[in-house]
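Structure record follows, encoded as structure tokens.
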Number of protein chains: 2
Amino acid sequence: MKLSTNAKHELEEALVTNGLRATRQREHVYGVLLTQRDHPTADEVYARAKQAMPSISLATVYNCLETLVECELVKKLNYEREPSRFCPNDGEHAHFLDEATGRVFDIDLPENFMREITNVLPQGFEAKKFKLSFSGYAPKDLAGDHCV
Amino acid sequence: MKLSTNAKHELEEALVTNGLRATRQREHVYGVLLTQRDHPTADEVYARAKQAMPSISLATVYNCLETLVECELVKKLNYEREPSRFCPNDGEHAHFLDEATGRVFDIDLPENFMREITNVLPQGFEAKKFKLSFSGYAPKDLAGDHCV
DNA sequence: CTAGGTGCAAAAGGTTTGCGGTTAA
DNA sequence: TTAACCGCAAACCTTTTGCACCTAG
């Protein structure tokens, strides 16, 4: 869960930029997300965070996650109304939900994908964000670490 | 809220196909969705449904909506964890959330869009469905009935 | 007749919040 | 020093469920 010096600086900078403080809990929660990139739910983050910081509370985990999302260091994924899942923000990508296992995979998108995809919008619509997700069946023999 | 004979037959057929019964409530809820295509939440559907059928309950509205979704006559939209919204299923389309007004617009997609978009998937991923949504600013002078 | 549907109220489940005590700057 | 943050428990809000009654086939 230990943050690399790089990641730590990135976090501190992002927090300061947003007028927020660097705290042990925020750093630790961010570390949890960077360590195992399998789109954990808040509950799962809580369970992992408690291992090295037993006193952290679920509410604090929720608060930290929300803070990280606001700083755009973390993305919050929603599939239907299932519990939200969180992943470090590595730029633009789509998601693929494997209906067989429930795992979520990141799908890299080509350069300029946003510019191209917004071509489907009628004139006058100004998109700031888009979300693209798929569901179906993923290859069965995919290694766990593809589940980024 | 009165269903056209066409829509009524479509509904009955879809229900029978799924081994379900045609009931006044299901018919009425479907009528509500067809009458005003502005992506209402379950609560809003409930409020509209009660006007002509005061005895209907919120639980029944939820049940009917779920049934209609199962029959693929209706689509359920989720934006973040806000209340789900419902619209008649007019085939493949994306959605655009206007951040200024909260309204949701349907975006028509070109022929074969699904085939093209699934090209971004690595080999071995078999997509059954996709979801595409945008958020940003819609044209301000858009008529209400574009809010399909 | 009877399996399935409805209505009510209560529960579930993820997330947020109020508050008293703590901590980073 | 003090505004921001944490931990706890209770509240919130959408959605689901158990159960008794009803109704379509």
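All figures in this text were calculated on a predicted structure; none of them were measured in a lab. Naming: A, B, ... by sequence-line order, numbering from 1 per chain. Because only heavy atoms are used, hydrogens play no part in the values below, and waters and symmetry mates are left out as well, while side chains stay in.
B:Asp98 and B:Thr101 share a donor-acceptor pair across their side chains, judged by distance under 3.5 Å alone.
Between B:Asp43 and B:Arg48 there is no salt bridge, since no side-chain nitrogen of the basic residue lies less than 4.0 Å from a carboxylate oxygen of the acidic one. A salt bridge does not link A:Arg37 with A:Asp106: none of the charged nitrogens is closer than 4.0 Å to a carboxylate oxygen.
If you measure from atom CD of B:Glu80 to atom P of D:dC13, you get 19 Å, rounded to the nearest angstrom. Regarding B:Met53, its CE atom lies at a distance of 15 Å from the P atom of C:dG5, rounded to whole Å. Put simply, CD on A:Gln25 is 17 Å from P on D:dA4, counting in whole angstrom units. In this structure, the CG atom of B:Asn18 is 14 Å from the P atom of C:dG4, given to the nearest Å. For B:Glu70 and D:dT16, the CD to C1' distance is 14 Å, given to the nearest whole Å. As rounded to whole Å, 12 Å separates atom C1' of D:dC5 from atom CG of A:Leu15. Counting to the nearest Å, the P atom of D:dT14 and the CD atom of B:Glu44 are 11 Å from each other. If you take OH of B:Tyr46 and C1' of D:dT16, they are 16 Å apart, rounded to a whole angstrom.
Contact annotation for B:Thr67: no contact, since no heavy-atom pair falls under 4.0 Å across all strands.
Summary of the strand contacts: A:Asn63 and B:Arg26 both lie near DNA chain C, and taking for each the nucleotide with the nearest heavy atom, the more 5' one is attributed to B:Arg26.
OP1 or OP2 of D:dC6 has not a single side-chain nitrogen or oxygen of A:Ser57 nearer than 4.0 Å. Residue A:Ser55 has a polar side-chain atom (N or O) positioned under 4.0 Å from OP1 or OP2 of D:dG7.
In B:Glu13, the CD atom is not crowded: 12 or fewer heavy atoms of neighbouring residues, nucleotides or ligands sit closer than 6.0 Å.
Scored by the ring-ring contact (aromatic ring centres under 6.0 Å, His included) test, B:Tyr62 finds no partners at all (sequence neighbours excluded).
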Using nucleotides 23-25 of chain D, report all nitrogen or oxygen pairs with the protein that are shorter than 3.5 Å.
none

All N/O pairs under 3.5 Å across the protein-nucleotides 11-16 of chain C interface:
| unit_1 | atom_1 | unit_2 | atom_2 | d |
| --- | --- | --- | --- | --- |
| C:dT15 | OP1 | A:Ser84 | N | 3.1 |
| C:dT15 | OP1 | A:Ser84 | OG | 3.0 |
| C:dT15 | OP2 | A:Tyr62 | OH | 2.4 |
| C:dT15 | O5' | A:Tyr62 | OH | 3.4 |

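The only option from A:Tyr137, A:Phe134, A:Phe105 that meets the ring-ring contact (aromatic ring centres under 6.0 Å, His included) definition with B:Phe125 turns out to be A:Phe105.
We find the CG-OG1 distance between A:Leu15 and A:Thr67 to be 7.5 Å, quoted to the nearest 0.5 Å. Separating the CZ atom in A:Phe130 from the OG atom in B:Ser133 is a distance of 9.5 Å, to the nearest 0.5 Å.
Under the 3.5 Å distance criterion, the side-chain polar atoms of A:Arg103 are left unmatched by any main-chain donor or acceptor of A:Leu97.
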